[in-house]
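Proteins come first, then strands; the chains are lettered A, B, ... in the order of their sequence lines, and each starts at number 1. On a predicted model such as this, the values are computed, not experimentally measured, just so you know.
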Number of protein chains: 2
Amino acid sequence: MDKDKKKKTIYDLAVLAEASPSAVSSVLNGTWEKRRISKKLAEKVMKIAENQGYNLNAQASLLRRDKSNIVGMIVPKYDNRYFGEIAEQFEAMARSKGMFPVVTCTQRDPELEFEAAKELVGYQVECLISTGATDPDRIAAFCKAAGVQALNLDLPGKDAPSVISDNYAGARDLTSLILRRCRSDLGWEGPLRFIGGRLSDHNTAARLDGFMDAHKELGLKVPNENIQASGYSAKAAWDSLKDFRPFGPTGIFVNSTISLEGVVRWHSQLSEGTENIRFGCFDRDPFGKFLPGNVGMVEQDVLQMLEVLFELIGQPNLENKVTLIPCNLEEF
Amino acid sequence: MDKDKKKKTIYDLAVLAEASPSAVSSVLNGTWEKRRISKKLAEKVMKIAENQGYNLNAQASLLRRDKSNIVGMIVPKYDNRYFGEIAEQFEAMARSKGMFPVVTCTQRDPELEFEAAKELVGYQVECLISTGATDPDRIAAFCKAAGVQALNLDLPGKDAPSVISDNYAGARDLTSLILRRCRSDLGWEGPLRFIGGRLSDHNTAARLDGFMDAHKELGLKVPNENIQASGYSAKAAWDSLKDFRPFGPTGIFVNSTISLEGVVRWHSQLSEGTENIRFGCFDRDPFGKFLPGNVGMVEQDVLQMLEVLFELIGQPNLENKVTLIPCNLEEF
DNA sequence: AATGTTTGCACAATCGATTGAGCAAGGTGC
DNA sequence: GCACCTTGCTCAATCGATTGTGCAAACATT
């Protein structure tokens, strides 16, 4: 059975079944009724395949077929629940629709993003989803040249349809919540600080708009130095705050759970006044709720985003428009 | 250039370069010097390939070659930092070694684990790594029949080499720490409760051994009802505790960050006595440090595990032994 | 000039599965 | 008994790249 290490092929099975390779192939890929193979032979072949531990060579099969059913996705990181859930749900949904998902993690590195995209196209993906990509348009252009559908998730692009969260509204609502809680809990009116992210990034820019508008609604001005979108790491957030010793009450809008790690570190190291600080975070983490001072988190609706995304997969001639998915704000 | 949607092949390039497909192939895969193709032709072909946006068809290439350089990994979930880091680091290390990583997430579903493993073998992976798999031996047997190397990570198996954390020592040390802190912070001696995981799971069993031995060292008996390894979800942990209203001081050994979510929820909902509770968790989360009552977390040494793992990849005739990697205990 | 060597490439088989076309045997209708 | 259909398969081309073999031309050697 497994005497020799080589994989069984349909030719091996054909010999054993005393049938032709094409008959074996059609039995194994389920087209045997269409091809008028007798039930008797089909069962014989299937039994032999089972006994021999036959496994389809996907490379050979895909080479010949026109549809691959492979859907590719690139993701920046697995270091937060948001991208983790995206990857997990994407795989589950793809499988439930009979597709084969391939997800690869590109570390927020633009070159790696592009290289990985090329590799996935080489694997004949039918659709390539760029999640949170630095330069989605470069990937979209490459896909277009190769005749592969491109879609953007989380961060939008001009050259492919995009499905993203409504960052503006989510941030505006979160800002309003933090301001309200600052007033009710601390008797303090604002303005808040904005920590984390990068202004060149579409989502951070949209969130900052929401942040500013929520202040405007209350007639509040935000001084420039309150905006500290200095990057995506915990350390960057910590660096932004490390010399800040609040006189009295303070509120902070935290732009990601990674930034939150830095903020909480700063908060926990303050010698005094920690009870006079309120913050909220864009993106959710199950432990966030238990962090002292945290008044709420924005949960992006991953399921809904992916549902919309999967409706686009396989559709020809789509407009390159951006679909906004509302977020859920959880108050603590 | 990209007028028609079809992908360019080496045959298209051959026509444009007025050369043979085999010459084009060897230029593009770097064997042209070995095959005595002139530098002049090589440069011409490379330029044309660039202009035409040529991309290798991996299926065709792999079908013909003997080595695929693909390494596959199955992972249960992306909902915690541990598996997230494993996936991310695995991909990064594989790439740095010139391999192509394919990671797929199997939701702790034994059937899906096996199906995904078969699919990856169908994609001609050279090595398949089962991470935290429910039934690694079934996968190993399948791999063996197909002549594919199998390795286990995080959870051991009998039929393939395994690289796992030293769960026993990690748990023993964590238990000792919690007991020590219960004594110093609360003046209480134990015994602790053990929450989360499943006793049928090797790692939980090993951790429970460590937990028991740490108690034994101090001459402490642990009553059976203190062991509540009732599953891997936050809800299961919460269910274990929800009717528990501690009289006075209490300490808890939490068996995973997912279980910790449930424990913290219970803790935060107690009406009184929360300051008399200490706990520690096997596995690390960056927010764990800031949770009130948390005295320490065990960090599994993902980097070291993967380094050992990568040394095994490609080695023939390995013993099916288990390599234990020490954990790092962080005290808060 | 005859022979040997090197250079530079092309030819054709091959990997394993898929699929349109075709064909022999058996059955049906008149 | 002949024409026609159905059944149940087989044949052979094909997908795109790789690779062992072969061969003509250029060059070198004696």
Side-chain angles (χ1 to χ4, degrees), chain A residues 6-46 49 52-70 100 119 121-124 126 146-147, chain B residues 6-46 49 52-70 100 119 121-124 126 146-147:
Chain A
K6 288 320 301 160
K7 292 177 175 129
K8 300 291 174 192
T9 71
I10 53 168
Y11 300 92
D12 300 326
L13 302 186
V15 171
L16 292 169
E18 295 173 305
S20 71
S22 60
V24 173
S25 171
S26 66
V27 169
L28 296 174
N29 65 28
T31 58
W32 57 278
E33 289 186 295
K34 202 175 308 169
R35 288 177 72 82
R36 296 200 309 254
I37 302 296
S38 66
K39 193 163 196 171
K40 190 174 152 213
L41 178 56
E43 280 167 356
K44 180 177 179 190
V45 167
M46 292 192 283
Q52 296 292 316
Y54 172 80
N55 196 224
L56 180 71
N57 181 320
Q59 254 80 49
S61 173
L62 290 171
L63 177 58
R64 190 55 173 72
R65 279 192 316 208
D66 45 347
K67 280 185 59 98
S68 76
N69 270 341
I70 306 180
F100 184 78
E119 252 170 349
V121 170
Y123 278 89
Q124 313 308 109
E126 283 176 11
Chain B
K6 289 319 302 158
K7 291 179 177 128
K8 300 290 172 191
T9 71
I10 53 168
Y11 300 92
D12 301 324
L13 301 186
V15 171
L16 292 169
E18 294 173 303
S20 73
S22 60
V24 173
S25 171
S26 65
V27 168
L28 296 174
N29 67 27
T31 58
W32 57 278
E33 290 185 294
K34 202 175 307 169
R35 289 177 71 82
R36 297 201 308 256
I37 303 295
S38 65
K39 195 163 196 174
K40 192 174 148 208
L41 178 57
E43 281 168 356
K44 181 178 178 186
V45 167
M46 291 193 280
Q52 297 292 316
Y54 172 80
N55 197 223
L56 179 72
N57 181 320
Q59 255 82 49
S61 173
L62 290 171
L63 177 57
R64 190 56 173 71
R65 280 193 315 209
D66 45 347
K67 281 188 57 102
S68 75
N69 270 341
I70 306 179
F100 183 79
E119 253 172 345
V121 170
Y123 279 90
Q124 313 306 113
E126 283 176 9

Would you please indicate yes or no on a ring centroid separation below 6.0 angstrom for B:Phe100 and A:Tyr123? yes
For atom [atom1] of [X] and atom [atom2] of [N], their distance in whole Å:
{"X": "A:Asp66", "N": "C:dA17", "atom1": "CG", "atom2": "P", "value": "18 Å"}
{"X": "A:Asn57", "N": "C:dT18", "atom1": "CG", "atom2": "P", "value": "10 Å"}
{"X": "A:Lys8", "N": "C:dC15", "atom1": "NZ", "atom2": "P", "value": "15 Å"}
{"X": "A:Leu56", "N": "C:dG16", "atom1": "CG", "atom2": "C1'", "value": "9 Å"}
{"X": "A:Arg65", "N": "D:dG16", "atom1": "CZ", "atom2": "P", "value": "15 Å"}
{"X": "A:Leu13", "N": "C:dT18", "atom1": "CG", "atom2": "P", "value": "12 Å"}
{"X": "B:Lys67", "N": "D:dT19", "atom1": "NZ", "atom2": "C1'", "value": "18 Å"}
{"X": "A:Lys34", "N": "D:dC9", "atom1": "NZ", "atom2": "C1'", "value": "17 Å"}

Positions of residues 18-33 of chain A (non-hydrogen atom under 4.0 Å from DNA chain D), listed by number: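 Residues of residues 18-33 of chain A that come under 4.0 Å of DNA chain D are, in numerical order, A:Ala19, A:Ser20, A:Ser22, A:Ala23.
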Close residues, residues 36-45 of chain A, relative to DNA chain D [heavy-atom separation under 4.0 Å]: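 Here the set is A:Arg36, A:Ile37, A:Ser38, A:Leu41.
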Taking the minimum atom-to-atom distance to the side chain of A:Tyr54, which one of D:dT14, D:dT18, C:dA17 wins? C:dA17
Of all the nucleotides listed (C:dC15, C:dA17, D:dT19), which has the minimum atom distance to the side chain of B:Leu63? C:dC15
Could you tell me whether the side chain of [Y] reaches within less than 4.5 Å of the side chain of [X], counting heavy atoms only?
{"X": "A:Thr9", "Y": "A:Asn57", "answer": "no"}
{"X": "B:Ile70", "Y": "B:Glu126", "answer": "no"}
{"X": "B:Gln124", "Y": "B:Leu62", "answer": "no"}
{"X": "B:Leu28", "Y": "B:Leu56", "answer": "no"}

5′-ward residue of the pair B:Arg35/B:Ala60 relative to DNA chain C: B:Arg35
Name all pairs fulfilling the side chain to side chain donor-acceptor pair (under 3.5 Å) condition that reach into residues 23-35 of chain A, sequence neighbours left out, sorted by first residue then second.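 Sorted result for residues 23-35 of chain A: A:Asn29-A:Thr31.
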For A:Tyr54, enumerate each residue passing the ring-ring contact (aromatic ring centres under 6.0 Å, His included) test, keeping only those at least two apart in sequence or located in another chain. none
Heavy-atom closest pair, residues [X] and [Y]:
{"X": "B:Val27", "Y": "B:Ala42", "value": "CG1-O, 3.5 Å"}
{"X": "A:Gln52", "Y": "A:Leu16", "value": "CD-CD1, 3.7 Å"}
{"X": "A:Gly122", "Y": "B:Asn55", "value": "N-OD1, 3.3 Å"}

At 10 degrees resolution, what angle do the end axes of the helix from C:dA1-D:dT30 to C:dC30-D:dG1 form when each is taken over five base pairs? 50°
Apply side chain to side chain contact (heavy atoms under 4.5 Å, CB included) to the pair A:Lys7 and A:Asp12, showing each step before the final yes or no. CA-CA 9 Å; A:Lys7 292 177 175 129; A:Asp12 300 326; over 6 Å; no
Only distances under 3.5 Å count here; give the side-chain donor-acceptor pairs of residues 17-24 of chain A to other protein atoms, sequence neighbours excluded, each with its distance to 0.1 Å.
residue	atom	partner	partner atom	Å
A:Ser20	OG	A:Ser22	OG	3.1
A:Ser20	OG	A:Ala23	N	3.2

Please confirm whether the shortest side-chain N or O distance from A:Ser61 to OP1 or OP2 of C:dG16 is below 4.0 Å.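 Checking C:dG16 against A:Ser61, no side-chain N or O comes under 4.0 Å of OP1 or OP2.
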With a 4.0 Å cut-off on heavy atoms, is A:Leu62 in touch with a base, just the backbone sugar-phosphate, or nothing at all? nothing
Got a donor-acceptor pair under 3.5 Å from the side chain of B:Arg64 to the base of C:dT14? yes
